[in-house]
Amino acid sequence: MLDFFRMVTPALDAFLTERLNSAQKDAVVAPNGPLLILAGAGSGKTRVISYRIAYLAEELKVAPEAILGVTFTNKAAGEMKERVAGLIGPRAKAVALGTFHSICARWLRRYISRIGYEASFTIYDDDDQLSLLKRLYPDAGLNPKQFTPQAVRSEISRAKEKLYTPADYSRTAESPLEYAAASLYRRYQDGLQEANAVDFDDLLVLTLRLFDEAPDILQRLQRQYRHVLVDEYQDVNKAQYLLVKQLADEHRNLTIVGDDSQAIYGWRGANVKYILEFEHDFPDCRIVRLEQNYRSTKTILGAARAIEAGLGQRHMKELWTENDTGHPITVCRARDERDEAAFIAREIERLHADGYKFGDFAVMYRMNSFSRAIEEAFIRRRLNYQIVGGPRFYERREVKDVVAYLRLINNPADTVSLERVINVPGRGIGETTLDQLREWASALGVSVPHALAMLQEAEGDGAPALRVAPPFSDRAARQLVGFQSLMNDLRAAAELEGLVELFDRVIRRTSYADFIRAEKGGEDRLQNVHELRTVVSDYAGMDAGAGLRAFLENVSLFGGADVMKDSSETVTLLTLHSAKGLEFPVVFIPGMEDGILPHSRAQGNADEMDEERRLCYVGMTRAMRLLYLIHCETRTVFGTPRLADPSLFLTSLAEDSLRFVDSYGMAANPVGGGPSAVRSWSGSATRVAPGQRKSLGPLVRPGTEISSPSLRGYPGAATLSPGRSQAPPLAPPPVAAAAKYSQGDRVRHASFGDGTVVESVLTRRGEEEVKVTFDEKGMKVLLGALAPMEILARAS
DNA sequence: TAGTATTTAATTTTT
DNA sequence: TTAAATACTA
């Protein structure tokens, strides 16, 4: 029978009232049945889910193992687990909390034999997918140049997200790409199964297939999970939607939390419609809106709402806040990307002098390529920064190599891993030999790993003769057999010894350390291998085999677990996408230009334009106290400088909440309040470049007509003219240097105790091309301001 | 087979 | 511009 709505006891009510606002409380104690929580940015969403789980377990006496909480990221799952543990203690461990993928993987490990895979299946990442795909082109009679593996992979992924089988997909194929993808999709899926491997999409799709083909299992899970809670529901795709729906079908205790205004993963197959249509799926659902924002100033929230208001379809909610009005939003017009980056660096230094910590700042850009200019400016000023979402640990070549050995030990059928390591380190098994091996395997009608095993067995005494004679040269055959025996030895060892011992054995038997040290960047790479060993040592206590399996699972599903350093001493650089869920006191958004945000690829597509808008909204709502929106007059795209118009998101903001400045923080384009008011706020330019001009006139003088396209769209711009004073160079040219040194000279600016060396070459334009060396890792930077200290080399 | 020259393409990326 | 992937040469 259903649980009846439990009255909240006065004591509990008091407890909750102290910690939650009334909407939050409603959400936490909502009765059984479908529940839609529309949680605006900064409205305490995580808190509400955690409290609701705690409430279910503590007050309604729902067994923790009967609660399933689903998130999109491991980080979100981790945070939630922590908060629930803080509320109900160790019992929280029994709550099933995880990502869609990790939860599905767990179920599949248990039940996948029901649909024709083995429990030891390997999970392929994007890279592995590509390797597999590339192998299939010749067989499909296709040219990877015409339809790139990347494009095909994304087609296949889209198809899987929509639950199209290869047959479904080929029926709907229309374009040439789709025909090609259809033919590869079928082979790809066969290839996966042959390798006993699944890709990320399969984790969801195969779970659905399992539910379909083994209804008893679905039923068991449905009964087990009396409450299902899903976070970030605006980002679910069709497969995830169906999973949730099926799981909750028995008890109908489904809580979903999300914000359609923050849906930014449509391009990955997510569909906002599932949150927008939740009420149709569950007409009896209860809706709670979390509309009070605890994060941002009134000004920032107001501007974000103005952006949000331009969306086509959305759930209505009215975000509000009791926070201060705060400062106006600073809109900076910079000359170019260097100027833009310099502005950010200067502003950070200025605010730091005012008491902000470096960890309070974040720079959020639309494209990763923006990070470079910013990094250069930061390095130049020796500002500490960290980039979120750079190359992941587990995606590094050396790490993937070693992991591939471990995977191959665990799953001998794993073709992709086998082909990855069979000649790494080099064993003289080149492309020719590998091709022969593939061909021979297909002649025998077996997989590559299987063929290799047969070849080795044929060496032994009394082995049956091979049906098709191996085509290899003696040398190649010896190498192949040698590799296979190596793998067999390692597999035997894996049965007996712990993971750390096995890891060391792999490294030793393959001489991997020597190999990688000899590569470029070898010491760093070797360091990564050592780091991987540290990760491995966490599994030291486990049984042989179990440790290996647990390790491989984590590698696949926790993809490097991007450790964002919690340091309060580094500025954070990240994309707008990866900013979701975070908050910072001060946020800079560069590239507020037409074609960047909204991105040019979204032009002309209403849905994609909406998504760009939501992306802008996400970025702005990350800011707690100060928000900077920056655009350039000129932006260099692929080497060619182009005039850039301000973003329509910029020009549609209410003027009275903005302050316009140039890249020195000086008032520019004085609309509304006039220049003096702005100038008094915007601080002095003295910190900018010591010894240089202390003040600049406004970039734009009131007066005549507008002619520059980059001014179009600014509020009030029509009455202004671009009669600007001569823009100063970004930083002073090295005046003193110019007299003493000549073009082509190599000079040293500084060297630091930590091994950092700043040196440069004077170039034609009076700029300097600078090389900053951090312990061996060279980095080229453009620099203007530092005075050279000594000449290292004269141009001849 | 490995290293070097040329060609090509360039949003976002929770798992 | 640049980075990566492919083609070409020693």
Roughly, in whole Å, what's the span from [atom1] in [X] to [atom2] in [N]?
X	N	atom1	atom2	result
A/Ile589	B/dT11	CD1	P	20 Å
A/Leu204	B/dT14	CG	C1'	12 Å
A/Arg635	B/dT11	CZ	P	14 Å
A/Phe147	C/dA5	CZ	C1'	19 Å
A/Lys160	B/dT15	NZ	C1'	13 Å
A/Lys75	B/dT14	NZ	C1'	10 Å
A/Arg153	B/dT13	CZ	P	14 Å
A/Glu232	B/dT13	CD	C1'	15 Å

Worksheet entry | Under 3.5 Å donor-acceptor, A/Arg622 side chain and A/Leu582 backbone |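 Answer holds: yes.
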Discussion item. Determine whether a donor-acceptor pair (N or O, by modelled atom type, separation under 3.5 Å) exists between the side chain of A/Gln246 and the backbone of A/Leu208.
Written reply: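 No, because the side chain of A/Gln246 does not come within donor-acceptor range (under 3.5 Å) of the backbone of A/Leu208.
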Worksheet item: Who pairs with A/Arg109 by side chain to side chain contact (heavy atoms under 4.5 Å, CB included), at least two apart in sequence or on another chain?
Response: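 A/Arg109 satisfies side chain to side chain contact (heavy atoms under 4.5 Å, CB included) with A/Phe121, A/Ile123, A/Glu553 only.
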Discussion item. Holding to side chain to side chain contact (heavy atoms under 4.5 Å, CB included), I want the full list of residues that pass it with A/Thr207, two or more places apart in sequence or in another chain.
Written reply: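 By the side chain to side chain contact (heavy atoms under 4.5 Å, CB included) rule, A/Thr207 matches A/Cys104, A/Trp107, A/Leu108, A/Phe211, A/Leu243.
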Ion pair present between [X] and [Y], side-chain N to carboxylate O less than 4.0 angstrom?
X	Y	answer
A/Glu611	A/Arg614	yes
A/Arg268	A/Asp235	no
A/Glu612	A/Arg366	yes

Under 4.0 Å, counting only non-hydrogen atoms across every strand here, what does [X] touch: a base, just sugar-phosphate, or nothing?
X	answer
A/Gly581	nothing
A/Ile429	sugar-phosphate
A/Gln150	nothing

Should [X] be listed as having a side-chain N or O under 4.0 Å from OP1 or OP2 of [N]?
X	N	result
A/Thr432	B/dT1	yes
A/Asn368	B/dT12	yes
A/Thr575	B/dT13	yes
A/Asn74	B/dT15	yes

Fill in: Side-chain H-bond candidate by donor/acceptor type, A/Tyr188 with A/Gln129, under 3.5 Å
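Yes, A/Gln129 and A/Tyr188 have a side-chain donor paired with an acceptor closer than 3.5 Å.
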Practice prompt. For the pair A/Gln189 and A/Asp202, evaluate side-chain hydrogen bond (donor to acceptor under 3.5 Å, both in side chains) and give the outcome as yes or no after the intermediate values.
Written response: CA-CA 10 Å; A/Gln189 207 52 37; A/Asp202 277 348; 3.3 Å; yes
Practice prompt. Tell me whether B/dT6 sits syn or anti, counting syn as a glycosidic angle within 90° of 0.
Written response: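 It is anti.
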Worksheet item: When you look for runs of 3 or more Watson-Crick or G-U pairs in a row, both distances below 3.5 Å, which of them include DNA chain C?
Response: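 As far as DNA chain C goes, consecutive pairing (with distances under 3.5 Å) yields the stems B:1-10 with C:1-10.
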Fill in: Euclidean distance, A/Asp610 CG relative to A/Leu615 CG, rounded to 0.5 Å
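That separation rounds to 12.0 Å.
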Item to complete: Determine, answering yes or no, if A/His577 is stacked on B/dT12 under the 5.5 Å centre rule and the 30° plane rule.
Response: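 Aromatic stack with B/dT12 absent for A/His577.
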Discussion item. Using 30° and 60° as the class boundaries, would you call the ring planes of A/Trp267 and A/His577 parallel, tilted or perpendicular?
Written reply: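 Perpendicular.
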Discussion item. Between A/Arg427 and A/Leu615, which residue's closest nucleotide on DNA chain B lies nearer the 5′ terminus?
Written reply: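 Checking each residue's closest nucleotide, the 5'-ward one belongs to A/Arg427.
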Worksheet item: If you measure from the C1' atom in C/dT6 to the same atom in B/dT11, how many Å do you get, rounded?
Response: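 That atom pair is separated by 24 Å.
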Worksheet item: Given the P atoms of C/dA4 and B/dT13, what is the spacing between them in whole Å?
Response: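 The same atom, P, in both gives a distance of 16 Å.
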Strictly under 3.5 Å: I want the nitrogen or oxygen pairs between protein and nucleotides 7-10 of chain B, one per line.
none

Item to complete: Check A/Gly428 against A/Arg475 and note the closest heavy-atom contact, atom names and distance.
Response: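 Looking at all heavy atoms of both residues, the closest pair is O-NH2, 3.6 Å.
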Worksheet item: Among residues 263-272 of chain A, which residues get a heavy atom nearer than 4.0 Å to DNA chain B?
Response: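 Correct list: A/Tyr265, A/Trp267, A/Arg268.
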Discussion item. Going by the rule salt bridge (charged side-chain N to carboxylate O under 4.0 Å, His left out), which residues pair with A/Arg135 if we only count those two or more places apart in sequence or in a different chain?
Written reply: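 A/Arg135 satisfies salt bridge (charged side-chain N to carboxylate O under 4.0 Å, His left out) with A/Glu419 only.
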